[in-house]
Amino acid sequence: MSSNETPRGPVDSSRIPRYAGPATFARLPRLDEVGTADVAVVGVPFDSGVSYRPGARFGGNAIREASRLLRPYNPAQDASPFALAQVADGGDIAVNPFNINEAVDTIEAAADDLLGTGARLMTLGGDHTIALPLLRSVAKKHGPVALLHFDAHLDTWDTYFGAEYTHGTPFRRAVEEGILDTEALSHVGTRGPLYGKQDLTDDEKMGFGIVTSADIYRRGADEVADQLRQRIGDRPLYISIDIDCLDPAHAPGTGTPEAGGMTSRELLEILRGLSSCNLVSADVVEVAPAYDHAEITSVAASHTAYELTTIMSRQIAAARNA
Ligand SMILES: N=C(N)NCCCC(=O)O
Ligand SMILES: [Zn+2]
Ligand SMILES: [Zn+2]
């Protein structure tokens, strides 16, 4: 979008019922309707990398359906994200469910194309495997990026059944490939049983800091966000949000649930506390609607993507006006 064009916003839900018509994220226009976008919301319906319950291939569309209720003004960040920048729904990246290596390459190539247009990516998964090709693509553009990884799990394990590309291994691969800025890597919301203490030792050696879900409970969202912001500084930042960072009470619809997680309120508040960070792209993954109830998980995921989109839109507008 050039500076003198007005972004095309969502369908007006006070005129056309919000439950009518096909779902795009937040009822935004499709990317092919606007040509190019500042923020492209894209689905990646891929879940061949999961170690337990499948179904995250349906996550993106469940998030789109749940996002019909989002409204255009975000009071928590005092911003109208879809007026500040052109946000559009880029549809789904069609990937091979039977060949993980090919799928990973397809995701990277599609992300290259979208980032090449100047858009930032707000990706809706899919399982966590997809973070690796997305990070590869982002790093081609920005160099090694800071990473905030919200998840119950470390996802820095080595292999499963000898497979390198799985939803439990993307961030180890990313560190090995040198595409992350190892001065600014954090897991947030970590909890639950591990394979052994070595998991933590290995993870620390890769450069990750850990904010556990218990830390968030004890210290509060504001203090945690302050600490994360200081660590990130003005580095280009990628945020990857595995919806299982939330307690199963707040996100039952996911493949590898762990008790004792943060609330959706805590997650949203931490994100709002990061609004000044240079967020270059983000993903929300691991929504598996078959295990969901009353859209609890997909509603939480839609609001999560909305906060992330708001952060990006505010920065795009600020840069444009600078
Ligand atoms: N990325 C997610 N959601 N889970 C990873 C769990 C890996 C395991 O089964 O040990
Ligand atoms: Zn997880
Ligand atoms: Zn994960």
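Predicted, not measured: the structure shown is a model, and the values here were computed from it. Ligands are counted one by one from 1 in listed order, and the atoms in each one are counted from 1 as well. Just the heavy atoms: all of them, side chains too, but no hydrogens, waters or symmetry mates, feed the values below. Residue numbers start at 1 and run along the sequence shown.
Given atom 5 (C) of ligand 1, the protein heavy atom at minimum distance is Asp155 OD1, 3.4 Å. Of the protein's non-hydrogen atoms, the one nearest atom 9 (O) of ligand 1 is Ser51 OG, 2.5 Å.
Counting heavy-atom neighbours within 6.0 Å of Tyr195 OH, excluding the residue itself, gives a total above 12. Summarising the local packing, CD of Glu33 is surrounded by more than 12 heavy atoms from other residues, nucleotides or ligands at distances under 6.0 Å.
Side-chain atoms of Ser67 and His303 include no donor-acceptor pair closer than 3.5 Å. Judged purely by distance below 3.5 Å, without hydrogens or angles, the side chains of His153 and Asp151 pair a donor atom with an acceptor atom. Between the side chains of Thr24 and Arg64, no donor N or O sits under 3.5 Å from an acceptor N or O. For the residue pair Ser313/Thr310, the side-chain donor-acceptor check at 3.5 Å is not satisfied. In the model, Ser51 has a side-chain atom that pairs as donor or acceptor with a side-chain atom of His167 under 3.5 Å. With hydrogens and angles left out, the side-chain atoms of Asp203 and His187 include a donor and acceptor closer than 3.5 Å.
Contacts of Tyr52 with ligand 1, taken as heavy-atom pairs under 4.0 Å, are absent altogether. Contacts with ligand 1 closer than 4.0 Å are made by heavy atoms of both the backbone and the side chain of His167. Proximity of Asp242 to ligand 1, defined as any heavy-atom pair under 4.0 Å, is confined to the side chain (atoms from C-beta onward). The part of Asp244 lying near ligand 1 is the side chain, judged by heavy-atom distances below 4.0 Å.
Atom ND1 is the N/O/S atom of His128 found closest to the Zn ion (ligand 3). When the Zn ion (ligand 2) is compared with the N/O/S atoms of Asp244, atom OD2 turns out nearest. No other N/O/S atom of Asp242 lies as close to the Zn ion (ligand 2) as OD2 does.
Ionic pairing of Asp226 and Arg219 is not present here: no N-O contact between side-chain nitrogen and carboxylate oxygen is shorter than 4.0 angstrom. Here Asp234 does not pair with Arg229 in a salt bridge; the nearest charged N to carboxylate O distance is not below 4.0 Å. In summary, Arg120 and Asp38 do not engage in a salt bridge, as defined by a charged side-chain N under 4.0 Å from a carboxylate O. The existence of a salt bridge linking Asp215 and Arg218 is excluded, since no basic side-chain nitrogen approaches an acidic carboxylate oxygen closer than 4.0 Å.
Below 4.0 Å from some heavy atom of Tyr160 lie the following atoms of ligand 1, by number and element: 7 (C), 8 (C), 9 (O), 10 (O). In summary, the atoms of ligand 1 found under 4.0 Å from a heavy atom of Glu286, numbered by their order in the structure, are 1 (N), 2 (C), 3 (N).
At least one N/O/S atom of His153, whether from backbone or side chain, sits less than 2.8 Å from the Zn ion (ligand 2). The Zn ion (ligand 3) has no N, O or S atom of His167 under 2.8 Å away, backbone or side chain. Not a single N, O or S atom of Asp127, from either the backbone or the side chain, sits less than 2.8 Å from the Zn ion (ligand 3). Taking 2.8 Å as the threshold, Asp155 counts as a candidate ligand of the Zn ion (ligand 3), since one of its N, O or S atoms lies below it. Taking 2.8 Å as the threshold, Glu258 does not count as a candidate ligand of the Zn ion (ligand 2), since none of its N, O or S atoms lies below it. At a cut-off of 2.8 Å, Asp151 is counted among the residues with an N, O or S atom near the Zn ion (ligand 3).
For the pair Tyr195 and ligand 1, the shortest N or O to N or O distance falls below 3.5 Å. Inclusion of Thr256 in the set of residues having an N or O under 3.5 Å from an N or O of ligand 1 is warranted.
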